[in-house]
> 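Here you go, one structure.
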Amino acid sequence: MPKDSYLVGLIGSGIGPSLTPALHEREADRQGLRYLYRLIDLDVLGAAPEAVGELLRAARDLGFDGLNITHPCKQLVIGHLDALAPGAEALGAVNTVVFEDGGRAVGHNTDVTGFAASFARGLPDAPLERIVQLGAGGAGAAVAHATLTLGAGRVTVVDALPDRAAALADALNRHFGPGRAAPAAPDDLPGLLARADGIVHATPTGMAAHPGLPLPAALLHSGLWVAEVVYRPLETELLRTARALGCATLDGGGMAVFQAVDAFRLFTGREPDGTAMLADFHELTGAVTAPR
C-alpha cells in the first residue's frame, strides 16, 4: 500500500539549476502527497564523486525513500548498491536508486525509458532503419539503448574518441545482437547522413556553456529527423538549423520529463501524470510550445 509522505534527493555535481525537484514536487502536490526533494550537490559539499557511496548510506540511514543520481556518479554508485534492475545492469549506469523495505538499495535507469517515451510521443512515425548517433558518453549509451529497444535497425555511433565509439557499439551488439550497432568517426558523417533516416544528438554541444553545432550544417537535409538530448536551452542551434530545413525534430525536454515520470513511479508506486509533468516543464522553462 503506497504511503503518503516521501523524502527523496538528487546526488550530483553542479545540480543547483535542476528542474527535477520541482517536477517531482508539483506532481506530488497533484496527488495529495507530502513530498520533499532535496539536492545533494557535490560541489556545495566540497565532496569528490567517490563520496557517492557514503552519501547513499547517509541518505538510507536518514530515512530517504530513494535518490536520483546524475553526473558524475552514475557508474560510481553501482558498487554501493544491493541489486540492479535489468535495464541498469545492461547499461552499466544508474540514475535512480530505490530504498526498499529493509533498506535494500536497488539501482534503475530511467534515462533509457525516458528517452524512449519522449521519442515515441514526439516522433511516433519516424523511420528507424538507419540512425546516426553523435556521442558515445553516458547520455549516448542511454539513448542508443532506447532507440534499439524501440526497434531501430542499426545505430552508427560517431564519437571524436574512436575507442569510446567502439566500446559502446560492442556493448550494444552484445545486448541487442550482432550488426545492430557500429562505430564511426566524424569524417564518416557525409556518407552516413546521406543514407540515414535520422540523427540522435548526445554530446554537450549546444548547451549554454558549449554553444554551436555538433556537425557541419551542410550535412543536414530535409530527409532526416533530428532528436536532441540537450534541454538547456530547449532550442539548440542544431534544432533551429534542422527545423529551418524542414526536418522533423524532438527537443531534449521530453527525456528530462519522462525520466522524472519513471523515477516518481519507482519512488512512490503511484502512476504520475506525464502530460501534466510535461506542462510543468514548459512552464518552468518558459517554453511556449511542446516538443515536436
> For residues Leu134 and Leu219: do they belong to one hydrophobic cluster (side chain heavy atoms under 4.5 Å, members Ile, Leu, Val, Met, Phe, Trp, Tyr)?
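Yes: a chain of side-chain contacts under 4.5 Å links Leu134 to Leu219.
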> Nearest 0.5 Å, what's the CZ-CD distance between Arg60 and Glu100?
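Between atom CZ of Arg60 and atom CD of Glu100 there are 11.0 Å.
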> Looking at every heavy atom in both Ala242 and Val226, which two are closest together, and how far apart are they?
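Nearest pair, atom of Ala242 first, then Val226: CB-CG2, 3.8 Å.
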> Within the structure provided, determine whether Arg232 and Leu19 are in side-chain contact (heavy-atom separation under 4.5 Å).
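Contact flag for Arg232/Leu19 side chains = yes.
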> Report the C-alpha distance between Thr203 and His201 in whole Å, list the side-chain angles of each, state the deciding distance to 0.1 Å, and finish with yes or no for side chain to side chain donor-acceptor pair (under 3.5 Å).
CA-CA 6 Å; Thr203 85; His201 175 235; 2.7 Å; yes
> Minimum heavy-atom separation for Val157 and Gly135, please, with both atom names.
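Scanning both residues, the minimum pair turns out to be CG1-O, 4.1 Å.
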> Is the backbone of Ala93 close enough, under 3.5 Å, to the side chain of Asn109 for a donor and an acceptor to pair up by distance?
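It does hold such a pair.
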> So, Asn95 side chain and Asn68 main chain: donor-acceptor pair closer than 3.5 Å or not?
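Pair absent, no side-chain N/O of Asn95 close to backbone of Asn68.
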> In Å, rounded to the nearest 0.5 Å, how long is the span from OG of Ser222 to CG of Leu245?
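Result: 7.5 Å between the selected atoms.
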> Is it true that Asp251 and Arg240 make a salt bridge, defined as a side-chain N closer than 4.0 Å to a carboxylate O?
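Salt bridge between Asp251 and Arg240, a charged N being under 4.0 Å from a carboxylate O: no.
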> In plain terms, say whether Arg154 and Glu129 are close enough for a salt bridge, that is, a side-chain N and a carboxylate O under 4.0 Å apart.
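A salt bridge is absent here (no side-chain N lies under 4.0 Å from a carboxylate O).
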> Look at the side chain of Thr268 and the backbone N and O of Phe264, then say whether any donor-acceptor pair between them is shorter than 3.5 Å.
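Yes; judged by distance alone, with no hydrogens or angles, the pair exists.
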> Nearest heavy-atom pair of Gly191 and Arg195: which atoms, and what distance?
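That would be O-NH1, 3.0 Å.
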> Roughly how far, to the nearest 0.5 Å, is OG1 of Thr241 from CD of Glu235?
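Glu235 atom CD to Thr241 atom OG1 measures 9.0 Å (nearest 0.5 Å).
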> Could you walk me through whether Leu284 and Leu23 pass the side-chain contact (heavy atoms from CB on, under 4.5 Å) test, one step at a time?
CA-CA 9 Å; Leu284 290 163; Leu23 291 174; 4.2 Å; yes
> When you compare the side chain of Ser118 with that of Val257, does any pair of heavy atoms fall below 4.5 Å?
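A side-chain contact under 4.5 Å is absent here.
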> Counting neighbours of CD on Glu54 that are heavy atoms of other residues, nucleotides or ligands and sit closer than 6.0 Å, is the number greater than 12?
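Count not over threshold, so no.
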> I'd like to know if Glu283 and Arg26 make a salt bridge, using a cut-off of under 4.0 Å between side-chain N and carboxylate O.
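Yes.
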> Sub-3.5 Å donor-acceptor pair from the side chain of Trp225 to the main-chain atoms of Pro127, do we have one?
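Yes; judged by distance alone, with no hydrogens or angles, the pair exists.
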> Is there a path from Ile15 to Val77 through hydrophobic residues (I, L, V, M, F, W, Y) whose side chains come within less than 4.5 Å of each other?
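In one cluster: no.
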> Are Pro211 and Glu237 packed together at the side-chain level, in the sense that at least one heavy-atom pair is separated by less than 4.5 angstrom?
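No, their side chains stay 4.5 Å or more apart.
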> Give the C-alpha distance, both sets of side-chain angles, the deciding distance and a yes or no for side-chain contact (heavy atoms from CB on, under 4.5 Å) between Glu228 and Leu234.
CA-CA 9 Å; Glu228 177 69 270; Leu234 202 56; over 6 Å; no
> Just by distance, do the side chain of Asp65 and the backbone of Leu7 share a donor-acceptor pair under 3.5 Å?
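Yes; at least one donor-acceptor contact below 3.5 Å.
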> Any sub-3.5 Å donor-acceptor pair from Thr236's side-chain atoms to Gly206's backbone N or O?
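Judged by distance alone, no pair lies under 3.5 Å.
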> Does some side-chain heavy atom of Leu84 sit less than 4.5 Å from a side-chain heavy atom of Val106?
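No, too far: nothing below the 4.5 Å cut-off.
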> Donor-acceptor pair, His221 side chain versus Leu193 backbone, under 3.5 Å?
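Answer holds: yes.
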> Kindly determine whether Tyr6 and His24 satisfy ring-ring contact (aromatic ring centres under 6.0 Å, His included), including the steps that lead there.
CA-CA 11 Å; Tyr6 295 88; His24 279 252; over 10 Å; no
> Can you find a pair of side-chain heavy atoms, one from Pro186 and one from Leu215, that are under 4.5 Å apart?
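No, their side chains stay 4.5 Å or more apart.
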> I'd like to know if Leu62 and Val44 are part of one continuous hydrophobic network [Ile/Leu/Val/Met/Phe/Trp/Tyr, side-chain heavy atoms within less than 4.5 Å].
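Shared cluster, no.
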> Please check this pair: side chain of Glu25 against backbone of Tyr37, looking for a donor-acceptor N/O pair closer than 3.5 Å.
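Present.
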> As a quick check of understanding, evaluate side-chain contact (heavy atoms from CB on, under 4.5 Å) for Phe258 and Asp111, giving each step before the final call.
CA-CA 8 Å; Phe258 287 107; Asp111 287 331; over 6 Å; no
> Counting C-beta onward and ignoring hydrogens, is there a side-chain heavy-atom pair between Arg265 and Glu271 closer than 4.5 Å?
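With C-beta onward as the side chain, the pair touches.
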> Could you please spell out the steps behind the side-chain contact (heavy atoms from CB on, under 4.5 Å) verdict for Val143 and Met255?
CA-CA 9 Å; Val143 297; Met255 180 180 178; 4.1 Å; yes
> Mark yes when over 12 heavy atoms from residues, nucleotides or ligands other than His80 sit less than 6.0 Å from its NE2; otherwise mark no.
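More than 12 within 6.0 Å, yes.
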> Give a yes or no on whether Leu33 and Leu67 share a hydrophobic cluster (residues Ile, Leu, Val, Met, Phe, Trp, Tyr; joining criterion: side-chain heavy atoms under 4.5 Å apart).
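No, because Leu33 and Leu67 fall into different hydrophobic clusters, even though each may have its own neighbours under 4.5 Å.
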> Just verifying a value: how many Å separate Ile131 CD1 and Thr156 OG1, rounded to the nearest 0.5 Å?
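Interatomic distance, Ile131 CD1 to Thr156 OG1, rounded to 0.5 Å: 9.5 Å.
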> Counting the benzene-type ring for Trp, do Tyr35 and Phe267 have ring centres under 6.0 Å apart?
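Ring centroids of Tyr35 and Phe267 are no less than 6.0 Å from each other.
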> Do Asp159 and Arg164 sit within salt-bridge range, that is, some charged N less than 4.0 Å from a carboxylate O?
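The answer is yes: the pair qualifies as a salt bridge.
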> Hydrophobic cluster membership, with links at side-chain heavy-atom distances under 4.5 Å among I/L/V/M/F/W/Y: are Leu148 and Leu250 in one?
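Yes, Leu148 connects to Leu250 through the hydrophobic network.
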> Classify the ring geometry between Phe119 and Phe115 as parallel (under 30°), tilted (30 to 60°) or perpendicular (over 60°).
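Correct class here is tilted.
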> Is the shortest heavy-atom distance from the side chain of Cys73 to the side chain of Leu42 under 4.5 Å?
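A side-chain contact exists here, since the closest heavy-atom pair is under 4.5 Å.
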> What is the minimum heavy-atom distance between Val94 and Ile69, and which atoms define it?
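It is O-CB, 3.7 Å.
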> Indicate yes or no: does Arg30 engage Glu27 in a salt bridge with an N to O separation below 4.0 Å.
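Between Glu27 and Arg30 there is a salt bridge, with a charged N closer than 4.0 Å to a carboxylate O.
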> For Thr113, does its backbone N or O pair with a side-chain atom of Gln259 as donor and acceptor, under 3.5 Å?
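Absent.
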> Can you find a heavy atom in the side chain of Leu220 that is under 4.5 Å from one in the side chain of Ile199?
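Yes, at least one pair of side-chain atoms sits under 4.5 Å.
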> So which heavy atom on Ile11 is nearest to which on Val52, and how close?
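Heavy atoms of Ile11 and Val52 come nearest at CG2-CG2, 4.2 Å.
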> Look up atom NE2 in His108 and atom CG in Asp262, then write down how far apart they are to the nearest 0.5 Å.
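Nearest 0.5 Å value for the NE2-CG distance: 11.0 Å.
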> Can you establish whether the number of heavy atoms outside Arg34 located under 6.0 Å from its atom CZ is more than 12?
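No.
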> Taking all non-hydrogen atoms of both residues, which atom of Leu76 and which atom of Pro72 are closest, and how far apart?
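Scanning both residues completely, I find the closest heavy atoms to be CD1-O, 3.6 Å.
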> If we ignore hydrogens and angles and just use 3.5 Å, is the side chain of Asn173 paired with the main-chain N or O of Arg180 as donor and acceptor?
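Between the backbone of Arg180 and the side chain of Asn173 there is a qualifying donor-acceptor contact (under 3.5 Å).
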